Amino acid sequence: MGNRKLYPFDIIEKKWHKVWEKRQSFRAWNPGEQIPEWHPFGKRHKLSGKIVDQKDLPPKFYVLDMFPYPSGAGLHVGHPEGYTATDIIARYKRARGFHVLHPMGWDAFGLPAEQYAIKTGQHPKITTEKNIANFRRQIKALGFSYDWSREIDTTDPKYYKWTQWIFLQLYNSWFNPETNKAEPISTLKYPPELKTEQERRAYRDSKRLAYVAEMPVWWCEELGTVLANEEVIDGKSEVGGYPVVRKPMRQWMLRITAYAERLLQDLDTIEWSESLKEMQRNWIGRSEGAEVIFEVVDDGSLNLSPEERKITVFTTRPDTLFGATYMVLAPEHKLVDKILPRSWPAGTPELWKGIDPASRSTPAQAVKAYKAFAASKSDLERTELAREKTGVFTGSFAINPVNGEKIPIWIADYVLATYGTGAIMAVPAHDTRDLEFARKFNLPIRVVVQPPKEGIDPVGFVDDGISVNSGLITGLPTPQAKQKIVEWLEQQGKGRKTVNYKLRDWLFSRQRYWGEPFPIIWKNGNHEPLPESELPLIPPPLDDYKPTPNGEPPLARAKDWVNLPDGSTRETNTMPQWAGSCWYYLRYLDAKNDRRFCSPEAEQYWMDGEKYQGKGKVCPGVDLYVGGTEHAVLHLLYARFWHKVLYDLGYVSTPEPFYKLVNQGLILGETEYTVFTFPDGSYCSASELRDIGEEATPHGPMMVGYHKKTGEKLYGKKVSEDEVEKSADGFVLKTDKSIKVDARSFKMSKSRGNVINPDNILEEYGADAFRLYEMFMGPLEMVKPWSTRGVEGVYRFLGRVWRLFIDEKSQVEFEQSLTANPEKAERLLKNLKLSDSIKEVEPNAEQLKALHSCIKKVTEDLEGMRFNTAISALMVFVNQATTWEVKPVSVMRDFLILLQPFAPHIAEELWEKLLVQAGMKPVLEGVDLCYQPWLEYNPQMLVEEVLEIPVQVNGRLRDVVRIPAEATQQEIEQVALASQKVKPFVEGKQIKKIIVVPKKLINIVVG
RNA sequence: GCCGGUGUGAUGGAAUGGCAGACAUACAGGACUUAAAAUCCUGGGGCUGUAAAAAGCCGUGCGGGUUCGAGUCCCGCCACCGGCACCA
């Protein structure tokens, strides 16, 4: 790239940023606010100077970005992808007359700032502020039409005051299963047997939506904190990839499980992508089945109470009860230790007695050894490897309620304590895991479901079939068999129909400093809420931000803060990072309110589509939410949960927060080519390798592959694009075409060194080109590789737009005077002259057609969020307009209205030129470009007098004929048949039928 | 293994069941230039064919099907990407 700019984007962009800021162009107005005389929104909607009421305001459109965590690394090119998409929509909707709310803020609590604080002793606030300032600068440089007056920061006490307040709402609520919603804790009814206040308190505390529980949690030594299930991936922390272990700790929990069903059901009411909804459904993991009670066989020596004698299992296949040949408890199951007989029953095979030969003398010893073995396995080990089944016989038996059969009770870690009842009935014939286990320990396998088709082995058949050898359900197809057996169990009091969810309650406390402190104090072992008047509760500064040596959170170091005069102490845990992002979209509605998290008026106006949009489509909540898939389950599930609680308590008016959600696809690094070499340095074709992939090494990620024949591990070497060429299938080395090269794009990462810094792109091509490129790459939702060459392409397009309007001679003079007086840059812009070819003339038919087909395409594509094709329509227009000797002002004006959402800076500058130098009349006089009304296309302008109609014979293209638009079907047929190119294919054959698609195509079918 | 998504030129990608490859990138040729950059113009899926054309055939991951007509719809596969994964 030469250093000469195609147009002075740097000057223009700075200029318009200042203008927009000064005019507060993108400020949105809450009901009750007075709109100043000068504001363009007031002018557009005739509300200037008025104190507006909800009913005066035009329909709202709330378009939201997932706010970023301001990391020290600065903006990633992935951020502006979503932000540009929402900005284009925001600008388009504004032009369409909507009252647009388009805010931005910072999700600023987080680990990196805290870890930096641990290293340096510097308060994390300082790092955070610095990073926010950098992010703000970078985002502002892109010219997004945010209402910056609503900017929020989750680490600002004015913000987290309300995060803490919402926590108190959760704390002071319980979920009433009868009404299926959260209610104030005061409506809780106590069982009559609870007499003392202490008993009632314990009962109350056990029902709260925010409650304390001692439970095994994921403890991450490296991070010095516990993590939520959702933050643990493959036995490692999602952040940093550190090992985690299970550890019982006292923790704050949020009762999200109470909302499992509603979180699932309401997915059907919102417009999210199917894949995203599926992810949430999977996470919630609803499964219908039955609980079945098995009775432990006790000859009296076990001393079991009647309650302890019952083992309840959960199964989704009650129809296979007759095939249950053993049962399994999780090692952590409560009853495990109670059911152990003193000695092995007669005839217990050695194989059943456990993993440790030394401990086989009694069941208690075997079980103890097995429990120790299972507990020692990290979760990584549990999920990894071939998952060889392990387990041990307890020595006890239970009675299968359907046939009275005595079956052995085992413990095994393939049964999870945390799902269902922590116990299962094992049906090896019809469950893959049970089958594996039964085969390993030589347990009986009994077929009770016949596959519907011949030739399928019934052992290991897990789908629906016909019940066999199953007493009263024999002969029934699986669904009916399930129903009938459950009815029978219910009659007998041996079981019932039930639903289970994979979703667990949300572990809500962290042993960190840089998070919201809990507004909770502890008095005599009981917790109490802080009064609302004491919010926000601000954490004290520390000298040392590490956890204390005995594992207490860092806040425990601040003795003066923790210990209160009356002897009570503060909770020292903090909330997880997700807390602040659970409700930020509500704070934007009324960001400065210090009496409430958000006023009811603002909430109702901006969130409730139905009431204030009048007729038409109802879009409750945030109308459009755009962000990455990385938040598919965590943030989006948590936020929906909080929203539903607030809805139940009457604080918000919609059951769902985000009506329409779009996931932007990841932007990968530029395509990389890898050639593999043998240790001696000679090349190996990628086609001879299997399992090509990345491997982390101390020098960063390396490409590795394994030789298909020898299994030898080979390393890859990066080669540049000019060293390779495309062959029949895939790329090969230019120097040796027998050597295939691996070509793929990778996620951008520091260690790989393929990160594109937005600052550099902005510097070289400007914000408009950057915005345009990110949208032009392809459909928003798709994963796509970055290509800096592609940026140059759209940059050239903007250069063509510029030259369409600006006189070349004045451009040259401008550049010269700019070199001489760079400090006068902005004033020199005035010297740029409009091209002489732009004239106040009536547009001709061709020009109108070009304009109106552009309006049509851009409008339709914006409605469908197909930005890439909208931009190509703009390019088509410019390519056509470049050939016009005279360009009518009106046509060029309308083009700028279409261009503005995509490339606002250049559009504003050229609009101003048309106003000042060509005396252009805007569509709405005195209104800024960003509030000019959108254009309607006129179908009349697109009508062709002569159409080019393709002629097919038997579906194959033979000719294209020109036919007057008003031609009749017969005339069209005649012209087509008369075509010299068509004749040879028709002559001598019988014409069976002629299909004429009006204005589109004609197909002659011959026999 | 289960669920979801995607497969189209050298590349990113376009195509309400109706001219496959819009628009752009890369490439090649030309104009302008002392030269280069920038700009403008032209070309282009493959094969056969021809002096050049014309013309024909084949082409949207693979195999079938529906249809006058399929990248698009249906059935069966394959590959890649993402998510979940001992959840009974």
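These figures come from a predicted structure and were not determined experimentally. The figures that follow rest on heavy atoms only: side chains count, while hydrogens, waters and symmetry mates do not.
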Review point. Think A:K5 forms a cation-pi with A:F9, using NZ or CZ under 6.0 Å from the six-ring centre and within 45 degrees of its axis?
Key: yes
If the [atom1] atom of [N] is compared with that of [M], how far apart are they to the nearest Å?
{"N": "B:C62", "M": "B:A10", "atom1": "C1'", "value": "23 Å"}
{"N": "B:A26", "M": "B:G45", "atom1": "C1'", "value": "16 Å"}
{"N": "B:C57", "M": "B:G4", "atom1": "P", "value": "41 Å"}
{"N": "B:U50", "M": "B:G30", "atom1": "C1'", "value": "25 Å"}
{"N": "B:C3", "M": "B:G17", "atom1": "C1'", "value": "29 Å"}

Using a 4.0 Å heavy-atom cut-off across all strands, classify [X] as base, sugar-phosphate, or nothing.
{"X": "A:Q952", "value": "base"}
{"X": "A:S287", "value": "sugar-phosphate"}
{"X": "A:N1003", "value": "base"}
{"X": "A:F877", "value": "nothing"}
{"X": "A:R286", "value": "nothing"}
{"X": "A:T315", "value": "sugar-phosphate"}
{"X": "A:D434", "value": "nothing"}
{"X": "A:S275", "value": "sugar-phosphate"}
{"X": "A:R281", "value": "nothing"}
{"X": "A:K981", "value": "sugar-phosphate"}

### Query
Can you check the A:L1001 CG to B:C68 C1' distance for me, whole Å?
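Spelled out: CG on A:L1001 to C1' on B:C68 is 10 Å.
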Base-pair string, RNA chain B, Watson-Crick plus G-U, cut-off 3.5 Å on both distances, | for inter-strand, is (((((((..(((.....[....))).(((((.......))))).((((......))))..(((((..]....))))))))))))....
| Would A:Y765 and A:F770 count as a close aromatic pair, with their ring centres under 6.0 Å? | no
Applying side chain to side chain donor-acceptor pair (under 3.5 Å) to A:T869 and not counting sequence neighbours gives A:D861
